[in-house]
Protein chains: 4
Amino acid sequence: MNRVVLVGRLTKDPDLRYTPNGVPVTTFTLAVNRTFTNQQGEREADFINIVVWRKSAENAANYLKKGSLTGVDGRIQTRNYDGQDGKRVYVTEVVAESVQFLDTKKEQGNYQTTNQTNSDYPFVNDAQSVDIKDDDLPF
Amino acid sequence: MNRVVLVGRLTKDPDLRYTPNGVPVTTFTLAVNRTFTNQQGEREADFINIVVWRKSAENAANYLKKGSLTGVDGRIQTRNYDGQDGKRVYVTEVVAESVQFLDTKKEQGNYQTTNQTNSDYPFVNDAQSVDIKDDDLPF
Amino acid sequence: MNRVVLVGRLTKDPDLRYTPNGVPVTTFTLAVNRTFTNQQGEREADFINIVVWRKSAENAANYLKKGSLTGVDGRIQTRNYDGQDGKRVYVTEVVAESVQFLDTKKEQGNYQTTNQTNSDYPFVNDAQSVDIKDDDLPF
Amino acid sequence: MNRVVLVGRLTKDPDLRYTPNGVPVTTFTLAVNRTFTNQQGEREADFINIVVWRKSAENAANYLKKGSLTGVDGRIQTRNYDGQDGKRVYVTEVVAESVQFLDTKKEQGNYQTTNQTNSDYPFVNDAQSVDIKDDDLPF
DNA sequence: TTTT
DNA sequence: TTTT
């Protein structure tokens, strides 16, 4: 059981790339405002890295931009790789299964489904079946 | 909106500490098994760092140990601090609002509530009202 | 563990009432659009009844209206009572712990915390400590 | 956005049926203990109806029984039909996308994915693509 | 640095 | 009894 739901705004425009096998992957950071204030009475935010695969990746890249109010439904993923300085780098990010565009009049959503092979299927998802090379991911 | 629900097992015994003002804080890592297998047909896990505050921190330290099946309901928090090598360190972790012990017969739960001041309350929570010094946190 | 997160639109203006002891309670129905289409290629919705207590109830009544895009974080509650025709009526609804207004520029949120006694506290919540008489609830 | 996560115990053995087109569907009720107590100091539960489709339906029927500790990840669905007394009946239930068996040593999970047609796929899901006749559902 |  |  690993479930995450977030609503926040993109800190920058989304970043669409392709894996060596041509699978689209979009990354962006969501700023999610906290519901409480800190000692100084300020409302802070958490900055959460999001990864979206396949058709949803292309939709996110097309419809989202810096500042877009966005809902994300997905799961937390951890991975690690060797940094350029030789030390191990640990990454925690959210793999989106669904991205909802909340700024538009019709708040259109994109759903993906897990481990999909048949890609002419309308709701495509997750792409854990695809090799994720660390350097394909911009985070 | 920032919501996380996890079920997994502790990778080690939990670690209970106290802030300078005496607030209990427990940390542990949850291994959450994935529902799908990788290229080699193996089932992998995500390793997610959890922070629990106040009464729930003490309960978690008392009732959980390495391997305990545990449910966590909380939110993702990001923070950063200057590492000993001078580079900025970015941390993503889950602040638990509720921890449920799933191994025991009665799967007893602990609920905390946010920004609580009155601590003789049975379900105490979150402690964002408390100064969190980075070096109080073991992650 | 009982967690619900929804984003949808109010089907009507919210309904604010008070319990006999003067506790505010607001109810409304959220239309949550599905991510998939039915046999006829239409996109349907689920219509989910929401209950909000205390300070958040008053905020919801002030800031929300028919059509407002709204996020809800809460839990599923079931209860039953004897209907006027003598048969038992079973109700399933969502008790909101947090309501987020997604239409406004600052998408202001309201957080409540559970079983709160001290009510001059900024984030008040849930009111399970309060007697809920069935006929105080409009559903 | 419509997400539900529950952990609870089956109130009875699960009920496996098949739609006219042969699609397996299992239903059961989860008793989810509340984290707080009522006026009398008792800990109550919510009783939530769950619907599981396809492969997960068969797995749930095989592995779960009355009392099984079970995690459910899914979405709230509302529907209505004409009751035998001529009045409209309104139903709120949770359609499970994933069911996790928490009693077993390996807490095996079952994942489904949405709107799947190709059923030799390992993680099959949701079956909203399938006609749901109201009288196929025991609730 | 990882659990069953 | 349903929203955009």
Side-chain angles (χ1 to χ4, degrees), chain A residues 1-2 69 71 76-82 87-92 100-109, chain B residues 6-15 27-35 42-50 64-72 91 93 101-103 138-139, chain C residues 6-15 27-35 42-50 64-72 91 93 101-103 138-139, chain D residues 1-2 69 71 77-80 82 87-92 100-109:
Chain A
M1 207 114 299
N2 181 338
L69 187 64
I76 297 180
Q77 167 175 272
T78 60
R79 58 190 172 85
N80 55 74
Y81 60 93
D82 293 312
K87 358 187 325 200
R88 198 131 204 89
V89 180
Y90 292 88
V91 176
T92 301
Q100 197 175 13
F101 314 143
L102 299 170
D103 271 340
T104 64
K105 275 281 93 74
K106 296 267 298 166
E107 69 271 357
Q108 192 203 347
Chain B
L6 305 169
V7 174
R9 292 184 183 276
L10 296 231
T11 60
K12 300 201 292 193
D13 287 351
D15 181 8
T27 53
F28 54 84
T29 298
L30 258 198
V32 179
N33 291 320
R34 296 181 179 166
T35 53
E42 303 149 348
R43 206 138 156 277
E44 295 175 343
D46 296 290
F47 298 95
I48 301 168
N49 291 335
I50 312 291
L64 298 177
K65 60 176 201 292
K66 178 174 173 171
S68 297
L69 187 65
T70 306
V72 166
V91 175
E93 62 212 351
F101 314 142
L102 299 170
D103 270 340
F139 293 138
Chain C
L6 305 169
V7 175
R9 292 184 183 276
L10 296 230
T11 60
K12 301 201 291 194
D13 287 351
D15 181 8
T27 53
F28 54 85
T29 299
L30 259 199
V32 180
N33 289 321
R34 296 182 180 165
T35 53
E42 304 150 347
R43 206 138 154 277
E44 296 175 341
D46 296 290
F47 298 96
I48 301 168
N49 292 335
I50 313 290
L64 298 177
K65 60 175 200 293
K66 179 177 173 168
S68 297
L69 186 64
T70 305
V72 166
V91 176
E93 63 213 350
F101 314 142
L102 299 170
D103 271 340
F139 293 138
Chain D
M1 206 114 298
N2 182 337
L69 186 64
Q77 166 175 272
T78 60
R79 60 191 170 85
N80 55 73
D82 293 312
K87 349 186 338 194
R88 199 132 205 89
V89 180
Y90 293 87
V91 176
T92 300
Q100 196 175 12
F101 314 142
L102 298 170
D103 270 340
T104 63
K105 277 280 94 73
K106 298 264 301 164
E107 70 272 357
Q108 191 202 350

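Letters A, B, ... mirror the listed sequences (proteins, then strands); counts begin at 1.
Computed from coordinates, the C:Ile50 CD1 to F:dT3 C1' distance equals 13 Å when rounded to whole Å. Atom-to-atom, CZ of C:Phe47 to P of F:dT4 comes out at 11 Å; the value is rounded to the nearest Å. Between C:Glu93 atom CD and F:dT2 atom P the separation is 19 Å, expressed in whole Å. Look at CZ on C:Arg34: it is 16 Å from C1' on F:dT4, rounded to the nearest Å. In this entry the distance linking CG of B:Leu6 with C1' of E:dT3 reads 14 Å, nearest Å. Spacing between atom CG of C:Leu69 and atom C1' of F:dT3 amounts to 10 Å, rounded to whole angstrom units. Between the P atom of E:dT3 and the CG atom of B:Asp103 lies a distance of 15 Å, rounded to the nearest Å. Distance, C:Ile48 CD1 to F:dT2 P: 16 Å, rounded to whole Å.
Distances from the side chain of C:Thr11 to the nucleotides E:dT1, F:dT3, E:dT4 place F:dT3 closest. Considering only the side chain of D:Tyr90, F:dT1 comes nearest among E:dT4, F:dT3, F:dT1. Distance from the side chain of B:Arg9 is smallest to E:dT4 among F:dT3, F:dT2, E:dT4. Of the candidate nucleotides F:dT3, E:dT2, E:dT4, F:dT3 has the atom lying nearest to any side-chain atom of C:Lys66.
Partners of C:Thr70 according to the side chain to side chain contact (heavy atoms under 4.5 Å, CB included) rule, which considers only residues two or more places apart in sequence or in another chain, are C:Leu10, C:Leu30, C:Leu64, C:Ser68, C:Val72, C:Val99. Qualifying side chain to side chain donor-acceptor pair (under 3.5 Å) partners for A:Gln100, counting only residues two or more places apart in sequence or in other chains: none.
Atom OG1 of C:Thr29 is separated from atom CD of C:Glu93 by 10.5 Å, given to the nearest 0.5 angstrom.
A:Arg88 and A:Asn80 are linked by a side-chain donor-acceptor pair at a separation below 3.5 angstrom, with hydrogens and angles left out of the test.
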